[in-house]
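Presented below is the structure to which this report refers.
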Amino acid sequence: MLSQLKRLSLEVDGRYASDAELQFMTDYVKSFNLRLQTYQKLQEIESSLLQQAYAKMRSLDPMLFVHGKEEYSHKWKADTSRTLRYVAVAVLINDPDTLRERLLLWFQTILHAFGMEQTANVTYQVLQEVIKQDLTPPQASLVCPILELVRRSLGPTSP
Amino acid sequence: MVTLINTPNPVKLKHPKKHDHYGFRDFFTFDPDKGTIVDWNEGQNLLTTEDFIIGLVEGLQEEVGDAAAATMYVIGCEWGQKDAFFFEKWFEKEFDRNMRQANLLFLLETWWWPFTSQGWGRWEVDMGDRKQGFMFINIFDSAVARTLGDVGKPVCFLYAGLFAGFFTELVRKQLSCIEIQCYSMGETYCKFLVGGQDRIDAAAFWMNEGANARDIEKRLRTGELLR
């Protein structure tokens with residue numbers, strides 16, 4: 001939304017915007033209540049989401065939290081919680097571009113430095129699965145595409 | 001980035017330990033009253049146009065002729081050496097640890113992020129050959145090459161100098177750098193080789209003989225050097 005507003009203000013410099021150019025604002029207003037509910041729900045269930053995802057990932061492969069001699073469970077929780085909060089804001093203001101610019105481009109280089117891309121890949125895959133149990137289908141349809149963007153950005157670049 | 005200045009960054013004031021601060025609005029603080037653009041690490045920034053880069057490159061060419069490339073390289077070296085000290089300070093302040101205790105790849109990514117935010121391009125470090133004493137760096141969207149366009153030869157001497165200067169200070173051993181592939185040669189990205197002078201001389205010789213980056217990588221990996 002913020003990125004779209006910024007683009008709009010540049011594009012309509014010196015003229016009036018067309019109805020088509022303003023459509024995204026109408027769409028946003030229509031979706032706002034759902035976005036706000038989803039944002040509040042994410043805030044409410046964050047810690048349980050993290051716990052469910054952690055348990056599921058540990059059962060899949062406990063080595064996902066180990067790299068070299070280091071154990072990363074604690075770091076994983078802090079990183080995933082921070083990312084979920086960015087995801088929640090991206091849902092609220094409908095702005096995946098800002099999420100990408102402020103967090104994902106930087107975070108993918110840091111995860112790469114620590115060789116944690118596969119863990120990130122599984123994390124945001126599992127989160128999409130567990131989140132569907134706690135959110136309504138319309139809420140999940142707002143959150144899951146953003147989680148998928150996170151998974152594709154932070155996961156391994158080649159299969 | 002030339003001088004340090006004391007303009008508080010509002011995001012930094014509120015979240016001093018925030019590491020994910022490289023977005024445009026987080027990293028830079030614009031002060032219209034003072035006319036300053038200060039970054040997260042309190043370095044003062046200047047905005048320049050592509051005309052500035054053209055003026056710098058062509059002006060030097062006119063002043064010193066063929067020595068322009070070497071001059072740009074030396075400017076880069078001094079910048080890299082100074083930046084290594086600057087980086088050491090802000091890294092320690094931000095992460096509460098000496099940079100020599102950090103994971104090397106994490107350290108390098110952290111060093112380059114301010115450059116990415118400032119528009120010098122994204123990078124990729126290939127340290128697979130580090131034990132053999134050399135490494136490769138890819139730069140995507142070099143500010144110099146993007147400005148000059150396809151001129152049929154490498155142009156990013158400033159970057160080569162920057163890497164030589166920084167890595168020399170980092171490993172405390174004299175290192176050099178050469179650009180072995182450049183966007184200005186019609187390639188999709190720039191590639192730099194960092195290593196001891198003997199390897200850089202060998203790469204320069206092979207390039208003059210018409211070798212491309214892949215040939216040079218192969219020859220270095222087989223341990224070939226100039227006799």
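- Applying the 6.0 Å contact sphere to CZ of A:Arg15 captures more than 12 heavy atoms from other residues, nucleotides or ligands.
- With values rounded to the nearest 0.5 angstrom, A:Asp79 atom CG is found 10.0 Å from B:His19 atom NE2.
- Take A:Phe32 and apply the side-chain contact (heavy atoms from CB on, under 4.5 Å) test, not counting sequence neighbours, and it matches A:Tyr28, A:Leu36, A:Leu92.
- Interface remark: A:Arg100 contributes no atoms to any contact with chain B (heavy atom separation under 4.5 Å).
- Comparing B:Val125, B:Thr116, B:Asp26, B:Asp20 by how many heavy-atom pairs each has under 4.5 Å with chain A, the most go to B:Asp20.
- Within a 6.0 Å radius of CZ in B:Phe52, no more than 12 heavy atoms belonging to other residues, nucleotides or ligands are found.
- Neither the backbone nor the side chain of B:Phe27 comes within contact range of chain A; no heavy atom of the residue lies under 4.5 Å from a heavy atom of that chain.
- Within 6.0 Å of CZ in B:Arg214 there are 12 or fewer heavy atoms belonging to other residues, nucleotides or ligands.
- Scored by the side-chain contact (heavy atoms from CB on, under 4.5 Å) test, B:Asp215 finds B:Ala211, B:Asn212 as partners (sequence neighbours excluded).
- Counting only heavy atoms from C-beta outward, the side chains of B:Thr110 and A:Trp106 never approach each other to under 4.5 Å.
- Residues of residues 108-130 of chain A that come within less than 4.5 angstrom of chain B, heavy atom to heavy atom, are A:Gln108, A:Thr109, A:Ile110, A:His112, A:Ala113, A:Phe114 in numerical order.
- The number of heavy atoms from other shown groups lying within 6.0 Å of CE (B:Met127) is above 12.
- Other residues, nucleotides and ligands contribute over 12 non-hydrogen atoms within 6.0 Å of the CZ atom of A:Arg58.
- The nearest pair of heavy atoms linking A:Tyr86 to B:Lys18 is OH-NZ, 3.0 Å.
- Within a 6.0 Å sphere centred on NZ of B:Lys131, heavy atoms belonging to other residues, nucleotides or ligands number 12 at most.
- By a heavy-atom distance cut of under 4.5 Å, B:Asn103, B:Leu105, B:Phe106, B:Glu109 are the residues of residues 88-109 of chain B near chain A, going up by number.
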